[in-house]
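See below for the structure under consideration.
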Amino acid sequence: QKAMYQRMIKLEQLEGTVGVNDGTSSIESFAGMNLYSGYSLETEEDSYSWINMDTTKLLKMDENSLTNILQKDRHLRITLEEGNLFFCVTEPLDDDETLEFQTSNMSLSIRGTSGIIRHEGDITTIIMLEGEAMVTYGHYPEEYEDRRYWDTLEAGKAYEIFSDNIDSQTINFDSSMSSRSSNIIVVTARITEDMIQELLKIKREGRTPELYIVVPAGLTSRELDDIR
């Protein structure tokens, strides 16, 4: 029995070997399949997946990554067990809606922003590309609530989160972006610098991305222009 409110979550595109488990057993994975609360996704080496949520929330799993999906009513939690995850929320969440990313040592609450989460061992790295987000870190299990810490993450910074502290550094993006006025973003199988910069340009100009196209990585500039 699914919750009365069911957010549309789809495995938009996949490349290589992407495993899907429905909470009890492995099931066949294919582009366009629906994903539900309790599902987990795992990408193997040279494998990638792109997840579409309500068409306004987009996730990109890099190779060797494992995520779990948990949804209750209008509250969605994505747990990154290991690997890299790119996220982009193109429209602010409703007041009664939450979206949370979690690793073993932190919880990140966002309402409308984009960034990258990397989790390896006991260290989580968050690269904030746009907007702000609230992070809770430290001894994350509920029984250690009095030993947790809270912080606000800002765009243009990278944060490295340990068990009980957080380090940050400013990151610089190339300001000489494309002058193209199109809202179309060409998304490669891998998270690339060009893809991130094009997304930032569109968002900075107050435009809304209208179309996401997944293409193989390694195409030439001329081939990408032909797709646009």
Side-chain angles (χ1 to χ4, degrees), residues 1-91 93 97-110 113-121 124-127 140 185-192 195-196 199 209 211-218:
Q1 182 77 33
K2 305 300 180 189
M4 291 184 63
Y5 173 81
Q6 180 63 56
R7 175 180 280 109
M8 185 204 77
I9 307 177
K10 286 184 176 292
L11 179 57
E12 192 72 22
Q13 185 69 33
L14 68 162
E15 178 181 327
T17 302
V18 178
V20 177
N21 189 295
D22 65 3
T24 58
S25 60
S26 297
I27 60 177
E28 180 185 2
S29 61
F30 56 90
M33 72 180 296
N34 292 324
L35 304 172
Y36 300 100
S37 181
Y39 277 36
S40 62
L41 289 85
E42 184 172 13
T43 56
E44 296 187 4
E45 188 173 356
D46 294 326
S47 302
Y48 312 88
S49 67
W50 190 267
I51 302 168
N52 188 344
M53 302 181 293
D54 294 339
T55 71
T56 61
K57 307 167 188 69
L58 300 164
L59 305 180
K60 171 66 180 58
M61 288 176 61
D62 267 356
E63 62 179 344
N64 299 320
S65 299
L66 173 61
T67 60
N68 301 316
I69 300 171
L70 180 63
Q71 176 175 283
K72 184 177 181 181
D73 297 324
R74 297 179 66 83
H75 307 289
L76 178 63
R77 176 187 294 171
I78 305 294
T79 300
L80 178 63
E81 301 286 352
E82 61 181 353
N84 300 336
L85 183 69
F86 168 77
F87 63 89
C88 176
V89 179
T90 59
E91 294 183 9
L93 275 63
E97 184 181 11
T98 63
L99 175 58
E100 177 185 10
F101 295 100
Q102 184 172 309
T103 67
S104 63
N105 66 344
M106 73 91 202
S107 175
L108 182 70
S109 298
I110 68 173
T113 185
S114 59
I116 297 171
I117 302 173
R118 296 171 178 161
H119 185 60
E120 183 176 359
T124 299
T125 302
I126 302 174
I127 301 173
Y140 190 73
I185 294 179
V186 175
V187 179
T188 62
R190 299 169 181 80
I191 298 171
T192 66
M195 184 196 87
I196 293 171
L199 170 64
L211 181 62
Y212 290 78
I213 305 173
V214 179
V215 299

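FYI, side chains are in, hydrogens and waters are out, and symmetry mates aren't considered; it's all heavy atoms of this structure. We count residues from 1, following the sequence as given. Computed from a predicted structure; not experimentally measured.
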>> Do Asp62 and Tyr48 have side chains that approach each other closer than 4.5 Å (heavy atoms only, starting at C-beta)?
In response: yes

> Are the charged groups of Lys60 and Glu12 less than 4.0 angstrom apart, N to O?
Replying inline: no

> In a check of side chain to side chain contact (heavy atoms under 4.5 Å, CB included) between Leu80 and each of Thr124, Leu85, Asn68, which one passes?
Replying inline: Leu85

> Do the side chains of Ser29 and Leu14 get nearer than 4.5 Å, heavy atoms only?
Replying inline: yes

> CG/Asn64 to CD/Glu45 distance, rounded to the nearest 0.5 angstrom?
Replying inline: 6.0 Å

> About how many Å separate NE2 of His75 and CZ of Arg77, when rounded to the nearest 0.5 Å?
Replying inline: 11.0 Å

> For Glu120, does the CD atom sit with more than 12 other heavy atoms under 6.0 Å from it, leaving out its own atoms?
Replying inline: no

>> I want to check something: taking the side chain as every heavy atom from C-beta on, are Gln13 and Asn52 in contact at a cut-off of under 4.5 Å?
In response: no

>> Looking at every heavy atom in both Gln71 and Asp73, which two are closest together, and how far apart are they?
In response: CG-O, 3.6 Å

> With respect to Phe87, which candidate in Leu108, Ile78, Leu58 satisfies the side chain to side chain contact (heavy atoms under 4.5 Å, CB included) definition?
Replying inline: Leu108

>> Rounded at 0.5 Å granularity, tell me how far OG in Ser49 sits from CG in Leu35.
In response: 8.5 Å

>> Between Ile27 and Met33, does the side chain to side chain contact (heavy atoms under 4.5 Å, CB included) criterion hold? Intermediate values first, please.
In response: CA-CA 11 Å; Ile27 60 177; Met33 72 180 296; 3.9 Å; yes

>> I need the Ser107 OG to Glu100 CD distance, nearest 0.5 Å.
In response: 3.0 Å

>> Nearest 0.5 Å, please: how far is CD1 in Ile51 from CZ in Phe86?
In response: 13.0 Å

> With distance as the sole test, does Asn21 use its side chain to make a donor-acceptor pair with the main-chain N or O of Gly23 at under 3.5 Å?
Replying inline: yes

> Hey, mind stepping through Glu82 and Arg118 against salt bridge (charged side-chain N to carboxylate O under 4.0 Å, His left out) and telling me if it holds?
Replying inline: CA-CA 7 Å; Glu82 61 181 353; Arg118 296 171 178 161; over 6 Å; no

> Does a donor on one side chain sit under 3.5 Å from an acceptor on the other, for Ser65 and Asn84?
Replying inline: no

> Given Thr67, which of Thr43, Leu41, Thr79, Ile117 fulfils the side chain to side chain contact (heavy atoms under 4.5 Å, CB included) condition?
Replying inline: Leu41

> Do Lys57 and Cys88 pass the side chain to side chain contact (heavy atoms under 4.5 Å, CB included) test, and can you show the C-alpha distance, the side-chain angles, and the key distance before you say yes or no?
Replying inline: CA-CA 6 Å; Lys57 307 167 188 69; Cys88 176; over 6 Å; no

> How far does OG1 of Thr98 sit from NZ of Lys72, to the nearest 0.5 angstrom?
Replying inline: 11.5 Å

> Judged by modelled atom types alone, do Lys10 and Asn34 share a side-chain donor-acceptor pair under 3.5 Å?
Replying inline: yes

> So do Leu59 and Phe101 actually touch side chain to side chain, heavy atoms under 4.5 Å?
Replying inline: yes

